[in-house]
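Report on the structure given below.
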Protein chains: 2
Amino acid sequence: MLSIQEISNILIEQNIKPSFQRIKIYEFLLKNNIHPNIEIIYSNLSKGIPTLSKTTIYNTLKKFEEKGLILSVNIDEKEIRYDAILKTHGHFKCESCGEIFDFDYNYNDIKFKGLENFILTKTDVMVKGICNKCKLKNKK
Amino acid sequence: MLSIQEISNILIEQNIKPSFQRIKIYEFLLKNNIHPNIEIIYSNLSKGIPTLSKTTIYNTLKKFEEKGLILSVNIDEKEIRYDAILKTHGHFKCESCGEIFDFDYNYNDIKFKGLENFILTKTDVMVKGICNKCKLKNKK
DNA sequence: GTATCTGCAAAACATTTGCAATTCT
DNA sequence: AGAATTGCAAATGTTTTGCAGATAC
């Protein structure tokens with residue numbers, strides 16, 4: 001796990017001034033690979049930082065995404081979720097329990113027919129369905 | 001292009017009572033393959049149906065999606081878009097002009113590693129970037 | 001001491017809900 | 001008449017904006 005100093009250095013490398021709030025938010029994303037929404041980040045961090053505001057979280061996540069430090073995940077119609085894992089992967093949302101799972105796929109396997117001259121900057125494979133746990137639960 | 005009668009029959013087949021509003025909304029989606037949001041559907045159809053309310057459009061699209069007649073497209077963080085094309089395809093959003101393009105890909109090319117026992121009900125490949133037209137425009 | 005960052009309060013939107021009026025059979 | 005549909009108005013919930021005070025270099 002990364003130290004505060006290491007996290008701070010990552011922010012500086014990305015041209016983001018490492019404030020206390022920003023370090024804590026990025027640390028939370030790194031430690032909790034749960035594609036959190038603003039609410040989850042807020043309720044977890046505000047315990048330790050009572051003055052933390054949601055506006056700061058919104059501002060921070062927007063800046064992180066602009067700088068390429070994190071990705072927003074749009075699989076949930078209602079709210080934006082965030083992911084600090086930059087390695088290519090897809091997202092599965094279980095429509096029964098609501099949980100979001102990462103899965104691997106091979107980017108080069110996909111032939112994007114019709115986008116030959118386009119510049120592709122972000123790809124996300126979004127899958128919905130029922131996860132194995134819920135599938136077994138519902139069988140009973 | 002389908003007649004009102006044919007559209008009506010499609011709705012009946014899907015167990016949807018073919019009201020005037022529903023027929024017009026589905027007809028709009030079929031005729032305009034532009035992944036419209038609620039606002040676009042409303043502003044276009046309310047010319048011909050002055051009493052049409054957005055609530056009805058929301059209700060209708062929700063019902064259409066439940067019954068498998070259309071798909072919601074979530075590539076735009078801000079709002080839901082709708083698509084009457086059910087054939088497997090991906091969506092590309094140009095971050096310069098905002099337009100959404102369909103593209104083809106081969107579903108069977110993708111190996112979903114880690115979802116082996118899951119039930120997959122909906123897959124969408126979402127790509128963002130710059131479309132060719134905007135790419136050329138920006139070069140000047 | 002000037003830029004930036006933070007956070008409160010209010011605004012802005014998309015979507016949902018409650019409910020009464022309308023329509024259809 | 002009875003059931004479903006429509007649509008207005010209000011509520012909800014997420015994200016954005018304006019701005020004043022705090023913080024950092």
Side-chain angles (χ1 to χ4, degrees), chain A residues 4-5 7-9 11-12 14-28 35-67 69-82 98 100, chain B residues 4 7-8 11-12 14-28 35-67 69-70 72-82 93 98 100:
Chain A
I4 299 300
Q5 188 54 56
I7 290 171
S8 183
N9 287 339
L11 297 181
I12 291 168
Q14 302 294 329
N15 248 309
I16 301 165
K17 290 192 185 169
S19 74
F20 181 66
Q21 288 87 337
R22 289 171 175 178
I23 290 170
K24 283 299 178 185
I25 292 169
Y26 187 52
E27 185 187 33
F28 182 81
H35 316 87
N37 57 18
I38 300 285
E39 193 57 42
I40 291 172
I41 299 172
Y42 178 74
S43 61
N44 276 275
L45 292 185
S46 60
K47 291 172 204 160
I49 318 167
T51 63
L52 182 67
S53 82
K54 286 188 184 175
T55 304
T56 297
I57 302 176
Y58 277 104
N59 290 339
T60 301
L61 294 173
K62 180 177 280 186
K63 174 148 295 211
F64 283 178
E65 194 185 12
E66 278 169 18
K67 301 291 188 178
L69 195 63
I70 64 173
L71 291 171
S72 62
V73 180
N74 220 35
I75 198 166
D76 206 307
E77 317 36 58
K78 305 287 183 184
E79 62 201 1
I80 303 176
R81 290 171 169 273
Y82 290 91
I100 295 173
Chain B
I4 299 300
I7 289 171
S8 183
L11 296 182
I12 291 167
Q14 302 294 329
N15 249 308
I16 301 165
K17 290 193 184 168
S19 74
F20 181 66
Q21 288 88 338
R22 288 171 176 178
I23 290 169
K24 285 297 179 185
I25 292 169
Y26 187 50
E27 185 187 32
F28 182 82
H35 316 88
N37 56 20
I38 300 284
E39 193 58 41
I40 291 173
I41 299 172
Y42 178 75
S43 60
N44 277 274
L45 292 184
S46 59
K47 292 172 201 159
I49 316 167
T51 62
L52 182 67
S53 82
K54 286 190 185 176
T55 304
T56 297
I57 303 178
Y58 277 105
N59 290 340
T60 300
L61 293 173
K62 182 177 278 185
K63 175 151 294 212
F64 284 178
E65 194 185 13
E66 277 169 19
K67 301 291 189 178
L69 195 62
I70 65 172
S72 62
V73 180
N74 220 35
I75 197 166
D76 205 308
E77 320 32 60
K78 306 286 182 183
E79 63 202 1
I80 303 176
R81 290 169 170 273
Y82 289 92
K93 184 181 176 198
I100 295 173

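The chains referred to below are lettered A, B, ... by the order of the sequence lines, with proteins before strands, and numbering in each begins at 1. As a basis for the values below, the full set of heavy atoms in this structure was taken, side chains included, without hydrogen atoms, waters or symmetry mates.
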Here the distance between atom C1' of dT14(D) and atom CD1 of Ile40(A), to the nearest Å, is 14 Å
Contacts of Phe64(A) meeting ring-ring contact (aromatic ring centres under 6.0 Å, His included) (sequence neighbours excluded), chain-then-number -> Tyr26(A)
message = Looking at Thr56(A), I'd like to know whether one of its side-chain N or O atoms comes within less than 4.0 Å of OP1 or OP2 on dG7(C).
response = yes
One should read off an interatomic distance between Leu11(A) CG and Leu69(A) CG, to the nearest 0.5 angstrom, of 6.0 Å
Here the residues of residues 44-52 of chain B within 4.0 Å heavy-atom distance, strictly under, of DNA chain C are none
Applied to residues 40-52 of chain A, the salt bridge (Lys or Arg N to Asp or Glu O under 4.0 Å) test, sequence neighbours excluded, yields none
Atom CG of Leu61(B) and atom P of dT5(D) are separated, to the nearest Å, by 15 Å
Using residues 48-55 of chain B as the side-chain source, report each donor-acceptor pair under 3.5 Å to any protein atom, sequence neighbours left out, with the distance given to one decimal.
{"from": "Ser53(B)", "atom 1": "OG", "to": "Thr55(B)", "atom 2": "N", "distance (Å)": "3.3"}
{"from": "Ser53(B)", "atom 1": "OG", "to": "Thr56(B)", "atom 2": "N", "distance (Å)": "3.2"}
{"from": "Ser53(B)", "atom 1": "OG", "to": "Thr56(B)", "atom 2": "OG1", "distance (Å)": "3.3"}
{"from": "Lys54(B)", "atom 1": "NZ", "to": "Glu39(B)", "atom 2": "OE1", "distance (Å)": "2.6"}

When rounded to whole Å, the CG to P distance for the pair Asp76(A) and dA14(C) reads 18 Å
Rounded to the nearest 0.5 Å, the CD1 atom of Ile41(A) sits from the CD1 atom of Ile25(A) at a distance of 7.0 Å
B/S/- along nucleotides 15-24 of chain D (protein heavy atoms under 4.0 Å) is BBB-------
Rounded to whole Å, OH of Tyr26(B) lies from C1' of dT5(D) at a distance of 20 Å
side-chain contact (heavy atoms from CB on, under 4.5 Å), that's the test. Do Ile80(A) and Asn74(A) meet it? Break it down for me. CA-CA 6 Å; Ile80(A) 303 176; Asn74(A) 220 35; 4.3 Å; yes
(message) So that I can tick it off, tell me whether Glu27(B) and Lys24(B) are bridged by a salt bridge, with the cut-off set at under 4.0 angstrom between side-chain N and carboxylate O.
(response) yes
Nearest-nucleotide check on DNA chain D, Glu39(A) vs Phe20(B); residue mapping nearer the 5' end is Phe20(B)
Examine dC24(C): is either OP1 or OP2 under 4.0 Å from a nitrogen or oxygen in the side chain of Ser19(B)? Give yes or no. no
Sorted by chain and number, sequence neighbours left out, side chain to side chain donor-acceptor pair (under 3.5 Å) with Glu79(A) holds for Asn37(A), Arg81(A)
Here the distance between atom C1' of dT14(D) and atom CD1 of Ile57(A), to the nearest Å, is 13 Å
Taken to the nearest 0.5 Å, the spacing of His35(A) NE2 from Leu71(A) CG works out to 10.0 Å
Can you find a side chain N or O atom of Gln21(B) that sits less than 4.0 Å from OP1 or OP2 on dT23(C)?
no
Taking a pair to mean Watson-Crick or G-U wobble geometry with both distances below 3.5 Å, dA3(C) pairs with none
